[in-house]
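Bear in mind the structure is a predicted one, so any value in this text is a computation, not a measurement. Chain identifiers are assigned alphabetically (A, B, ...) following the order of the sequence lines, protein sequences preceding nucleic acid strands; residue numbering begins at 1 within each chain.
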Amino acid sequence: GAGVSQSPSNKVTEKGKDVELRCDPISGHTALYWYRQSLGQGLEFLIYFQGNSAPDKSGLPSDRFSAERTGGSVSTLTIQRTQQEDSAVYLCASSQTGVRTDTQYFGPGTRLTVL
Amino acid sequence: AQSVTQLGSHVSVSEGALVLLRCNYSSSVPPYLFWYVQYPNQGLQLLLKYTTGATLVKGINGFEAEFKKSETSFHLTKPSAHMSDAAEYFCAVTFSTGTASKLTFGTGTRLQVTL
């Protein structure tokens with residue numbers, strides 16, 4: 001595709017509900033990243049995919065967070081039993097190969113609000 | 001510990017004035033360095049990056065940055081600010097250890113441009 005797309009752009013949910021956030025990376029990019037942007041924590045890394053595998057999940061804040069990637073393309077970030085502290089903008093990025101020098105291209109983000 | 005620091009959460013300049021946004025890193029091995037810009041309600045866009053070679057890097061929209069190993073710095077400059085430069089700017093690095101390609105971000109600097 002022309003760029004990284006994310007859906008939905010905004011999500012409002014009630015505390016305790018599950019949410020799914022979707023990311024469509026640039027076609028052909030093997031590396032995919034999820035980051036979270038919040039007022040208190042700034043921009044923080046969540047998880048990295050290379051193909052369909054996730055060699056680094058170290059940024060996931062709790063076991064309520066999980067992510068998968070299928071077909072080396074689309075990724076879904078799932079948050080179970082949402083809490084108010086999960087409110088943030090969730091950003092997805094992709095890069096061509098995942099090496100350190102690669103440019104990561106970011107999507108517009110999904111703004112999650114947990115009431 | 002490896003980290004990246006942006007000095008000044010808010011910077012205000014007059015249109016036509018020099019823009020200087022500061023970024024310092026802490027790492028025993030110099031990282032690769034990136035500057036991203038975020039306009040309201042948008043994802044992050046790469047301005048420029050330093051990986052190897054010439055330490056003065058030119059980016060989009062007239063921005064440039066110089067990698068100074070002795071000062072562990074990668075400050076972003078633009079000779080003449082334009083109203084359209086008002087945005088939030090993030091310095092980011094990829095360190096040589098761990099998941100080498102994940103970005104570690106500074107806390108961001110919001111640039112205001114006044115008439």
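A heavy-atom distance below 4.5 Å is found between the side chains of A/His29 and A/Tyr105.
Judged by distance alone, the side chain of B/Asn24 and the main-chain N or O of B/Glu71 form a donor-acceptor pair under 3.5 Å.
Enclosure of atom CG in A/Leu39 is not indicated, since only 12 or fewer non-hydrogen atoms of other residues, nucleotides or ligands lie within 6.0 angstrom. Heavy atoms from other residues, nucleotides or ligands lying under 6.0 Å from CZ of A/Arg100 number more than 12. Within a 6.0 Å radius of CD in A/Gln96, other residues, nucleotides and ligands contribute 12 heavy atoms or fewer.
Among the residues in residues 35-64 of chain B, those with a non-hydrogen atom closer than 4.5 angstrom to a non-hydrogen atom of chain A are B/Tyr36, B/Gln38, B/Asn41, B/Gln42, B/Gly43, B/Leu44, B/Leu46, B/Lys49, B/Thr51. Taking 4.5 Å as the heavy-atom cut-off, the residues of residues 103-115 of chain B that approach chain A are B/Leu103, B/Phe105, ordered by number. The stretch residues 25-33 of chain B places B/Pro30, B/Pro31, B/Tyr32 near chain A, each with some heavy atom under 4.5 Å from a heavy atom of that chain.
Shown here are the side-chain hydrogen bond (donor to acceptor under 3.5 Å, both in side chains) partners of B/His75, two or more places apart in sequence or in another chain: there are none.
In terms of heavy atoms, A/Ala31 sits closest to A/Gly98 at CB-CA, 3.5 Å.
A/Gln37 touches chain B through its side chain: at least one heavy atom from C-beta onward sits under 4.5 Å away, while N, CA, C and O do not.
Ring centroid separation for the pair A/Phe106 and A/Tyr35 comes in under the 6.0 Å cut-off.
The greatest number of non-hydrogen atom pairs below 4.5 Å with chain B, out of A/Asp102, A/Val99, A/Leu91, is found for A/Asp102.
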